[in-house]
Amino acid sequence: MKVIEMPAEGDAVKAKLICAGVLISGCSSSQSALNPAGAGAEQIARLFWWMAGGATVIWLVMIALSIYALHLNPVAHHRQKSALFIIGGGAIAPTIILTVLLIYGLNLLPALLARPPAGTLQIEIEGYQWWWKVRYPTQSGKPVELANEIRLPRGEPVEFILTSNDVVHSFWIPSLGGKVDMIPGRTTRLTLHPTKTGHFRGACAEYCGASHAYMNFTVDVVEKEEFDEWLAQQSTDRITPQTVSAERGEALFLQTGCGACHTIRGTEADGKLGPDLTHLGSRSSLGADMFPNNRGNLQKWIAHVSALKPGVKMPAFRALKDDEYQTLSNYLEQLK
C-alpha cells in the first residue's frame, strides 16, 4: 500500500500564503479591472469596492440574524420586537443598501457613455474569428492597419469604433474601461481615457467559436510624443530588402500566394482577408497574443497554423521546404 505523506503544518501555511499571493497578484495584472489605468476603469473599480462593501454589510447582518435566531429563547423573547428586528435586518436594511448602490451605479453611466470631444483620436476595430483588425487614421488619408496590437497616448481620450465581420464579439480592456459588444451589421462605440503608461491586455468577452479563448490583444499606453513617432513609423511602407536572402523571402512570399490574403505596403501584396504584415517584425506576439513573435514561432505558424489555433482560416503551407520556411520567416521577421 502506498503511503501518502501529509504536508507539515509549516508547509500548509506556506501553501495558503502562496494561494493568497496568487489571488492578490491577479488583482494587479495587466488584465485586471481592479488595476485601473484609465478614467473609466477607475470609476468601475470604485463601484466594485462599494458593491463589495455593501455585500459585506448585508452578509454580516444575515449572519447576525442567524446567530440571534439560533440562540433565541422561544419562551423569553418578545415576539413583536423579534419580528421588527428580523424585518428590519432581513428586508429593510438590504433594500436600503442595494438602492443606494443602484443609484450610485446609475450615476456613473452618463460619464462612461458620453461621446468624446471633437478632434479626439478615433481607432477602428473590426473583430474576426479569431483576431482583431486595428485601423488608425493618418494625415495622409491612408489609414494604418495593424493586427491584435493597439498603442494609445496617455492622458488623451480615444474613441474606438467597433464592428464585427462575422459573429458577435466583445471588446474589453479591463484595466482601461468597460466592454462593448461588436455586432455584425452594426457600429458600436467606446471611449477610453488612459491615465497611466504601461502594457495591458485585452480580450474578447463574448464566446465566438472554437478559438474564442485565443482571441486576445495587447495595449501599450505611451506618452504622446512616443505615440506620434510610432504612428509615423507605422505609416511608412515596408523596409526594402537589403540582402539577397530578404529579396528571396519577399519573392517567395509573393509566389506562394500569401499576398492574396495579406498586405505588405510597397509590394504587390494587397490582400484584405488576413492581417496587414507591413510591419509584422515590430509586433510583440503572433496569433492574437498566443506566442512571442520570433523566427521559430513564425516558422511553426506558417507550417502548422491549424494545429496551433483550431478553426483558423489561414491555410497551412506544408509543401514548402525547410530552407524556404527559414527564408520566409527571416523575411517576415525583418519587416519592422
Side-chain angles (χ1 to χ4, degrees), residues 123-151 165 217-218 220 227-306 308-309 312-336:
I123 303 176
E124 298 176 9
I125 308 290
E126 189 171 4
Y128 289 77
Q129 290 177 310
W130 290 270
W131 63 283
W132 309 85
K133 178 183 287 188
V134 182
R135 186 180 294 110
Y136 287 81
T138 62
Q139 295 181 350
S140 65
K142 293 183 63 177
V144 171
E145 287 191 3
L146 297 90
N148 309 313
E149 295 191 5
I150 299 172
R151 189 162 295 203
N165 182 69
F217 59 96
T218 59
D220 286 302
F227 171 80
D228 291 338
E229 293 176 2
W230 169 83
L231 187 59
Q233 186 272 333
Q234 291 290 319
S235 64
T236 60
D237 287 346
R238 62 88 169 88
I239 298 175
T240 303
Q242 301 295 318
T243 64
V244 175
S245 176
E247 291 178 353
R248 183 166 175 260
E250 185 167 279
L252 184 62
F253 181 89
L254 298 174
Q255 291 170 4
T256 53
C258 300
C261 294
H262 298 282
T263 291
I264 296 182
R265 295 193 304 274
T267 72
E268 298 176 2
D270 59 355
K272 302 299 181 184
L273 296 178
D276 187 306
L277 304 181
T278 304
H279 296 288
L280 174 65
S282 65
R283 298 173 191 167
S284 61
S285 63
L286 297 172
D289 202 31
M290 287 186 67
F291 309 103
N293 185 8
N294 55 47
R295 191 175 304 174
N297 287 332
L298 276 169
Q299 292 185 37
K300 295 176 184 176
W301 187 262
I302 296 169
H304 308 290
V305 61
S306 297
L308 298 176
K309 194 165 189 176
V312 70
K313 297 177 182 178
M314 174 181 167
F317 288 83
R318 297 190 180 91
L320 297 179
K321 300 177 182 178
D322 289 343
D323 64 322
E324 290 178 324
Y325 284 124
Q326 184 173 2
T327 299
L328 191 54
S329 61
N330 289 350
Y331 167 68
L332 295 174
E333 187 182 38
Q334 61 89 40
L335 292 175
K336 297 186 183 294

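By convention here, the first residue in the shown sequence is residue 1.
Here the CZ-CD distance, from Arg135 to Glu124, works out to 5.0 Å after rounding to the nearest 0.5 Å. One finds the CG atom of Leu320 at 5.0 Å from the OH atom of Tyr325 (value rounded to the nearest 0.5 Å). Once rounded to the nearest 0.5 Å, the distance linking CD1 of Ile239 with CD of Gln334 reads 6.0 Å. Ile150 CD1 to Asn148 CG: the interatomic distance, rounded to the nearest 0.5 Å, is 9.0 Å. Between the NZ atom of Lys272 and the SG atom of Cys261 there is a distance of 12.5 Å, given to the nearest 0.5 Å.
A heavy-atom distance below 4.5 Å is found between the side chains of Pro292 and Asn297. Taking 4.5 Å as the limit, every side-chain heavy atom of Thr278 sits out of range of all side-chain heavy atoms of Thr267. Side-chain contact check for Lys309 versus Trp301: some heavy-atom pair is nearer than 4.5 Å. Taking 4.5 Å as the limit, some side-chain heavy atom of Arg265 sits within range of a side-chain heavy atom of Asp276. Put simply, the side chain of Thr240 reaches to within 4.5 Å of the side chain of Gln242, judged on heavy atoms. For the pair His279 and Thr236, the minimum side-chain heavy-atom distance is below 4.5 Å. Using a 4.5 Å cut-off on side-chain heavy atoms (C-beta onward), Val134 and Ile123 make contact.
For Asn293 (side chain) and Leu280 (main-chain N/O), a donor-acceptor pair under 3.5 Å exists by modelled atom type. Checking side-chain atoms of His262 against main-chain N and O of Pro275 turns up a donor-acceptor pair under 3.5 Å. Within the 3.5 Å criterion, the main-chain N or O of Ser284 finds a donor-acceptor partner in the side chain of Glu149.
Ring pair Phe217/Trp132 is perpendicular by interplanar angle, where above 60° counts as perpendicular and below 30° as parallel. Ring planes of Trp230 and Tyr136: perpendicular class, angle over 60° (limits at 30 and 60°).
Each of Arg238, Arg283, Glu250 was evaluated against Leu335; a single residue qualifies, Arg238, per the side chain to side chain contact (heavy atoms under 4.5 Å, CB included) test. When each of Asn330, Leu328, Asp323, Thr243 is tested with Arg248 by the rule side chain to side chain contact (heavy atoms under 4.5 Å, CB included), just one qualifies, namely Asp323.
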With side-chain contact (heavy atoms from CB on, under 4.5 Å) as the test, would you mind laying out the steps for Val312 and Trp131 before giving the verdict?
CA-CA 9 Å; Val312 70; Trp131 63 283; over 6 Å; no
Is there a side-chain contact (heavy atoms from CB on, under 4.5 Å) between Thr263 and Glu145? Walk through the geometry before answering.
CA-CA 9 Å; Thr263 291; Glu145 287 191 3; over 6 Å; no
Could you walk me through whether Gln234 and Ser282 pass side-chain contact (heavy atoms from CB on, under 4.5 Å), step by step?
CA-CA 9 Å; Gln234 291 290 319; Ser282 65; 3.3 Å; yes
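Within a 6.0 Å radius of CG in Asp322, no more than 12 heavy atoms belonging to other residues, nucleotides or ligands are found.
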